[in-house]
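Quick notes on the structure that follows.
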Amino acid sequence: MRAMSLAGAAPRRKQSPVITASEPTGPDRGERPAALLAWYDRHRRILPWRPPAGVPADPYAVWLSEIMLQQTTVRAVGPYFEKFMARWPSVKALGAASLDDVLRMWAGLGYYSRARNLHACAVAVTRNHGGAFPDTEQGLRALPGVGPYTAAAIAAIAFGRQTMPVDGNIERVVSRLHAVEEELPKAKPRIQELAATLLGPERAGDSAQALMDLGATICTPKKPACALCPFNDGCVARLRGDAETFPRKAPKKTGALRRGAAFVVTRGDQLLLRSRAAKGLLGGMTEVPNSDWLADQDDAVARAQAPALKGVTRWQRKAGVVTHVFTHFPLELVVYTTQAPAGTRAPAGMRWAEVATLADEALPNLMRKVIAHALD
DNA sequence: TACTCGTGGTT
DNA sequence: TAACCAAGAGT
């Protein structure tokens with residue numbers, strides 16, 4: 001352990017007493033896994049789902065965190081992970097919960113198919129595996145919501161399997177280390193292969209988490225802190241001086257603006273809500289009635305999709321619009337409000353909910369914006 | 001392969 | 001400010 005503590009400071013090549021300025025001074029290829037782990041032992045992040053060094057990880061906590069972290073920042077996940085662990089401390093507990101409860105707890109975190117698959121996975125592990133996660137990559141891969149990355153991550157981190165998960169961080173680190181010119185996603189197989197060479201003979205999970213921490217804190221997308229990197233001058237992209245340009249990837253096109261209308265109906269202290277279709281955009285989540293969302297949507301056409309309510313003929317249009325940006329398109333919603341008389345029946349498929357308890361509803365943030373705008 | 005699928009923070 | 005990015009999966 002004592003020797004390891006020095007590895008973060010750029011180990012020198014053993015066979016070359018004479019080192020020129022341009023010669024690589026980073027660890028030799030074969031020494032990289034050890035240098036990486038030594039760096040990790042000194043600089044690993046403290047995270048809610050990560051036990052203290054040397055303490056085995058709880059597969060349930062690893063799985064839950066990995067699902068939440070898909071395309072989601074560590075900061076955003078933190079409170080959700082704590083909430084879920086407190087309410088459902090085991091996969092069996094989560095498997096016994098209702099999908100509705102899971103969606104309510106997940107509301108605001110985005111990518112709601114993850115929550116549906118999370119629940120389905122908990123049920124499957126409880127029913128088909130006796131509440132114990134499969135301990136192989138192949139077994140994990142068969143579970144809902146568990147793809148190639150997550151299966152490898154759980155196998156390595158929770159079960160010590162010799163496999164290297166490749167996420168966005170690792171793609172960036174590895175593509176820079178080897179200056180991989182091929183564009184993503186075509187370069188994935190090559191990057192997977194190169195990433196696997198960074199696995200130490202033991203501590204596979206730590207190797208993976210080390211690369212992720214390195215990508216998140218040192219080998220960042222913009223202005224990487226190369227001087228602090230354990231790979232040092234062994235990094236080809238750094239030697240070329242264009243580390244920031246990796247990984248190569250085709251620019252993505254932005255979607256066209258879509259427009260629509262949302263209808264906020266109050267009845268005393270209550271509000272009219274309904275549920276969205278089980279799958280697709282915001283699948284299974286709660287919403288206020290609203291129109292189609294279409295590019296070049298005409299305001300009058302959208303307005304005409306207001307719910308039919310007995311005794312309601314007048315709608316007030318709120319000034320301004322609610323804007324929201326989805327991954328593949330931006331959205332602008334015009335908001336109409338009305339006050340329904342006491343006793344007004346909710347249309348088929350809709351229900352009245354107390355405004356005071358809206359926090360407990362499975363409302364995606366878009367809908368929270370709409371309601372806040374309407375009641376403002 | 002190329003879309004779909006949320007949200008918030010950075011640059 | 002527009003673009004990019006974050007421990008990707010499903011179709």
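Throughout, a chain's letter reflects where its sequence line sits, starting with A, and its residues are numbered from 1.
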Worksheet item: How is A/Leu47 classified with respect to the nucleic acid when contacts are heavy atoms under 4.0 Å: base, sugar-phosphate, or nothing?
Response: base
Practice prompt. Find the distance between CH2 (A/Trp39) and CG (A/Leu211) and round it off to the nearest 0.5 Å.
Written response: 9.0 Å
Fill in: Shared hydrophobic cluster, A/Val77 / A/Leu47 (ILVMFWY, side-chain heavy atoms < 4.5 Å)
yes
Item to complete: Name the nucleic acid region contacted by A/Val325, choosing base, sugar-phosphate or nothing; use a 4.0 angstrom heavy-atom cut-off, strictly under.
Response: base
Response to the item:
Rounded to whole Å, NZ of A/Lys188 lies from P of C/dA7 at a distance of 13 Å
Response to the item:
The salt bridge (charged side-chain N to carboxylate O under 4.0 Å, His left out) partner of A/Asp213 among A/Arg42, A/Arg50, A/Arg44 is A/Arg50
Worksheet, complete the sentence: Contacts of A/Pro144 and A/Met212 projected onto DNA chain C by closest heavy atom; the upstream (5') one is A/Met212
Discussion item. Mind checking if A/Lys253 touches a base, just sugar-phosphate, or nothing, with heavy atoms under 4.0 Å?
Written reply: sugar-phosphate
Discussion item. Judged by each residue's nearest nucleotide on DNA chain B, which is more toward the 5′ side, A/Tyr111 or A/Lys222?
Written reply: A/Tyr111
Item to complete: Identify whether any heavy atom of A/Gly283 sits under 4.0 Å from a base atom; if not, whether one sits that close to sugar-phosphate; answer base, sugar-phosphate or nothing.
Response: nothing
Discussion item. Given C/dA7, C/dA6, C/dA3, identify the nucleotide with an atom nearest to the side chain of A/Thr254.
Written reply: C/dA3
Discussion item. Give me the distance, rounded to whole Å, that separates B/dT11 from C/dA7 when you measure between the P atoms they each carry.
Written reply: 14 Å
Worksheet item: Expressed in whole Å, how much space separates the P atoms belonging to C/dA2 and B/dC5?
Response: 24 Å
Discussion item. Checking A/Phe326 against A/Phe329 for the ring-ring contact (aromatic ring centres under 6.0 Å, His included) test, could you report, in this order, the C-alpha distance in whole Å, the side-chain angles of both residues, the deciding distance, and whether it holds?
Written reply: CA-CA 5 Å; A/Phe326 292 100; A/Phe329 67 92; 5.0 Å; yes
Worksheet entry | No-H, no-angle donor-acceptor pair, A/Arg116 side chain to C/dA9 base, under 3.5 Å | no
Practice prompt. Quickly work out the A/Leu109 CG to C/dA7 C1' distance and round it to whole Å.
Written response: 13 Å
Worksheet item: Base, sugar-phosphate, or nothing: which does A/Leu282 touch, judged by heavy atoms less than 4.0 Å apart?
Response: sugar-phosphate
Worksheet item: Of the non-hydrogen atoms in A/Thr126 and A/Lys92, which two are nearest, and what is the gap between them?
Response: OG1-CA, 3.5 Å
Response to the item:
Of C/dA7, C/dA3, C/dA6, the nucleotide closest to the side chain of A/Leu69 is C/dA7
Discussion item. Heavy atoms from C-beta onward define the side chain here; which of C/dG8, C/dC5, C/dG10 lies closest to that of A/Gln70?
Written reply: C/dG8
Worksheet item: Is the shortest distance from a Lys or Arg side-chain nitrogen in A/Lys249 or A/Glu171 to a carboxylate oxygen in the other one below 4.0 Å?
Response: no
Fill in: Leading and trailing nucleotides of DNA chain B with any atom under 4.0 Å from heavy atoms of chain A
B/dC3 to B/dT10
Item to complete: Give the rounded distance in Å between these two atoms: NZ of A/Lys249 and C1' of C/dA6.
Response: 10 Å
Discussion item. Tell me the interatomic distance from A/Lys252, atom NZ, to C/dG8, atom C1', rounded to whole angstroms.
Written reply: 12 Å
Discussion item. Apply side chain to side chain donor-acceptor pair (under 3.5 Å) to residues A/His324 and A/Lys369 and explain how you reach the verdict.
Written reply: CA-CA 9 Å; A/His324 195 73; A/Lys369 283 191 207 173; 2.9 Å; yes
Worksheet item: Under 4.0 angstrom, heavy atoms only, what part of the nucleic acid is A/Trp49 near: base, sugar-phosphate, or nothing?
Response: base
Worksheet entry | Value in whole Å for how far the C1' atom of C/dA9 lies from NE2 of A/His119 | 19 Å
Discussion item. Does A/Pro165 reach a base, just sugar-phosphate, or nothing at all? Heavy atoms under 4.0 Å.
Written reply: nothing
Discussion item. Starting from A/Tyr111, can I reach A/Leu94 by hopping between I/L/V/M/F/W/Y residues whose side chains sit under 4.5 Å apart?
Written reply: no
Practice prompt. Please determine if a side-chain N or O atom of A/Gln71 lies less than 4.0 Å away from the OP1 or OP2 oxygen of C/dG8.
Written response: yes
Worksheet item: What's the CG-P distance between A/Leu118 and C/dG8, to the nearest Å?
Response: 16 Å
Discussion item. Using a 4.0 Å heavy-atom cut-off, does A/Pro148 contact any base of the nucleic acid, only the sugar-phosphate backbone, or nothing at all?
Written reply: sugar-phosphate
Discussion item. Measuring only the P atom in each nucleotide, how far is B/dG6 from C/dT11? A whole number of Å is fine.
Written reply: 14 Å
Worksheet item: Taking the nucleotide of DNA chain B with the closest heavy atom to each, which residue, A/Phe329 or A/Lys223, is nearer the 5' end?
Response: A/Phe329
Worksheet item: Looking for any heavy atom pair under 4.0 Å, which part of the strands does A/Thr150 touch: base, sugar-phosphate only, or nothing?
Response: sugar-phosphate
Item to complete: Assign A/Ile67 to base, sugar-phosphate, or nothing according to its heavy-atom contacts below 4.0 angstrom with the strands shown.
Response: nothing
Practice prompt. For A/Arg45, report the nucleic acid contact type (base, sugar-phosphate, nothing); a contact means any heavy atom under 4.0 Å.
Written response: base
Worksheet item: How long is the line joining NZ of A/Lys279 and P of C/dA9, in whole Å?
Response: 18 Å
Item to complete: Calculate the interatomic distance between A/Leu140 atom CG and C/dA9 atom C1'; express it in whole Å.
Response: 15 Å
Worksheet item: If you group Ile, Leu, Val, Met, Phe, Trp and Tyr by side-chain heavy-atom gaps below 4.5 Å, do A/Val173 and A/Val236 land in one group?
Response: no
